[in-house]
Amino acid sequence: MTSPGHVLIVGASAAGLSTAEALRRLGHEGRLTLVDAEPHLPYDRPPLSKQVLAGVWEPARAQLRTAVQLDALAAEFVRGEPAVALDAAERTVTTAAGRVLRADAVVVATGLTPYRLPGQDGLTGVHVLRGLDDALALRARLTPGTRLVVVGEGVLGAELAATARAMGLEVTLVGMGQTLLREQLGDMVGGLLNRAHTERGVRLRLGVAVDGLTGAGGRVTGVRLATGELLPADAVVVAIGSRPSTGWLTGSGLTLGDGVECDARCRAAEGVYAVGDVASFEHAGLGRRLRLENRTNATEQAQVVAANLLGADRPYTPIPYFWTDQYDIKIQAHGLPSPAAEVTIAEGDPEQHRFAAVYREGGQVTGVLGWNMPKQARLLRQRLLGTWQPTPPLTPA
């Protein structure tokens, strides 16, 4: 494979680091630089809402690689210095410190930025959870007797509520949808999650909007709903979704929509690629554009981006996969299950808390799901292969 001299990766989380590692594994011997806004060694994000938040893991355990392993990568890490501008034509990146880095190829891996509620930044005790520092700040707040309100009924909100409830906190979860994870998994699975949380003592206030936050002396005291109801709170977590971190790319020459718009090879411009949560790519197998926010995608897409940087011509056609752990429930979903799909139980029984389900739209299988049935979900995944035309595995040079 042909190798560019200097590859600059902006973002050193799972997607960025995986791209760097894949480049080395595929034979890239040139200069490699990773720029990241955070000062920490690269770490994994899924444990933040579970093990790290609960105090079961200390932060070091969430690190993706040890310092020794990172040294072996023979890469330059520029930490704690966010990128503020990109010139795609010149392939130069400017950092907040005024450093200008020029490369032969640039990979954008800047991930997501959480949405916030109006007024939340003026109150202490209101949190988002995106990074390690967020998780540690929230963990310090979740002491016995704390009344926690979680705003958001998606994956992150549900995981946060489950973790906090298992820690013994008084938890209320508020969301616009009628069921948890409805947008990801539909009402059948969402209804089962509603029941699981309610049975464990989480108070659900679903199908209602948040009107604002209340506070006293600069500290949050509650969440006010559109119905007029006031939920008392000692701490609030806002988990209402995220947007791709593309603000620094304004004027870069890249096309920005729901993320960095790429072709089927994850290429955003000549010599510029995007990977992970920030990348909106053409899925050649489906004939539509996708942007996937999950840990598995970050790693798998990085392999294809690395290969294409080195001269390959590989479309990225994944079967999306994500999982969520809540209490003793492990859910694994393949494909694109949605609220619009017809859901049938293929094996097991929801009343027994173990089942596998198939999602269909227009007669086509669009997704499969396992609820405490990982093996069965993997086997059902085979029904998606013909439709999705997944990317074949990489072979190192």
Side-chain angles (χ1 to χ4, degrees), residues 45 48-50 53 111-184 187 190-191 193-194 197-198 200-247 258 277 293 324 326 339:
R45 295 185 189 274
L48 298 184
S49 61
K50 299 180 277 289
L53 184 61
L112 302 171
T113 300
Y115 286 115
R116 310 175 91 85
L117 289 174
Q120 78 171 67
D121 293 333
L123 294 170
T124 60
V126 184
H127 301 260
V128 295
L129 181 54
R130 176 61 187 166
L132 178 59
D133 291 338
D134 297 329
L136 296 179
L138 179 58
R139 187 168 90 176
R141 187 75 61 182
L142 300 187
T143 55
T146 296
R147 296 169 299 177
L148 175 69
V149 175
V150 178
V151 182
E153 78 280 15
V155 175
L156 180 59
E159 288 184 351
L160 286 166
T163 299
R165 185 66 195 128
M167 295 168 67
L169 275 68
E170 180 183 324
V171 181
T172 302
L173 188 150
V174 183
M176 292 281 287
Q178 294 292 339
T179 61
L180 299 174
L181 276 67
R182 180 182 186 276
E183 292 305 308
Q184 294 89 354
D187 282 323
L193 282 170
N194 282 8
H197 280 262
T198 300
R200 289 164 175 82
V202 174
R203 183 186 179 197
L204 297 180
R205 293 293 288 112
L206 298 175
V208 61
V210 169
D211 191 49
L213 303 171
T214 61
R219 176 177 293 278
V220 71
T221 58
V223 176
R224 185 176 59 252
L225 304 183
T227 59
E229 180 182 1
L230 181 64
L231 305 174
D234 303 305
V236 174
V237 184
V238 179
I240 55 176
S242 302
R243 63 184 183 277
S245 297
T246 58
D258 179 29
D277 297 341
E293 297 180 11
T324 178
Q326 300 171 37

State whether the side chain of [X] and the backbone N or O of [Y] hold a donor-acceptor pair below 3.5 Å, judged by distance alone.
{"X": "Thr113", "Y": "Ser245", "value": "no"}
{"X": "Ser49", "Y": "Leu129", "value": "no"}
{"X": "Thr163", "Y": "Leu160", "value": "no"}

Residues Arg45, Asp277: salt bridge by 4.0 Å N-O rule
no
Is the closest side-chain heavy-atom distance between [X] and [Y] below 4.5 Å?
{"X": "Leu148", "Y": "Asp234", "result": "no"}
{"X": "Leu48", "Y": "Leu53", "result": "no"}
{"X": "Val236", "Y": "Gln120", "result": "no"}

Candidate pair Leu225 and Val210, rule side-chain contact (heavy atoms from CB on, under 4.5 Å), full reasoning:
CA-CA 4 Å; Leu225 304 183; Val210 169; 4.2 Å; yes
Taking all non-hydrogen atoms of both residues into account, name the closest pair between Pro114 and Arg243 and its distance.
O-NH1, 3.7 Å
Give, for atom [atom1] of [X] and atom [atom2] of [Y], the distance between the pair rounded to the nearest 0.5 Å.
{"X": "Leu142", "Y": "Leu138", "atom1": "CG", "atom2": "CG", "result": "4.0 Å"}
{"X": "Arg116", "Y": "Asp121", "atom1": "CZ", "atom2": "CG", "result": "4.5 Å"}
{"X": "His127", "Y": "Thr124", "atom1": "NE2", "atom2": "OG1", "result": "8.0 Å"}
{"X": "Gln178", "Y": "Leu204", "atom1": "CD", "atom2": "CG", "result": "11.0 Å"}
{"X": "Leu206", "Y": "Asn194", "atom1": "CG", "atom2": "CG", "result": "5.5 Å"}

Partner of Thr324 under side chain to side chain contact (heavy atoms under 4.5 Å, CB included), picked from Leu193, Leu156, Val155, is Val155
Which pairs would a plain distance check flag for residues 164-176, meaning a side-chain donor or acceptor within less than 3.5 Å of a matching protein atom at least two apart in sequence or in another chain?
| residue | atom | partner | partner atom | Å |
| --- | --- | --- | --- | --- |
| Arg165 | NE | Arg200 | O | 2.7 |
| Arg165 | NH1 | Leu169 | O | 2.7 |

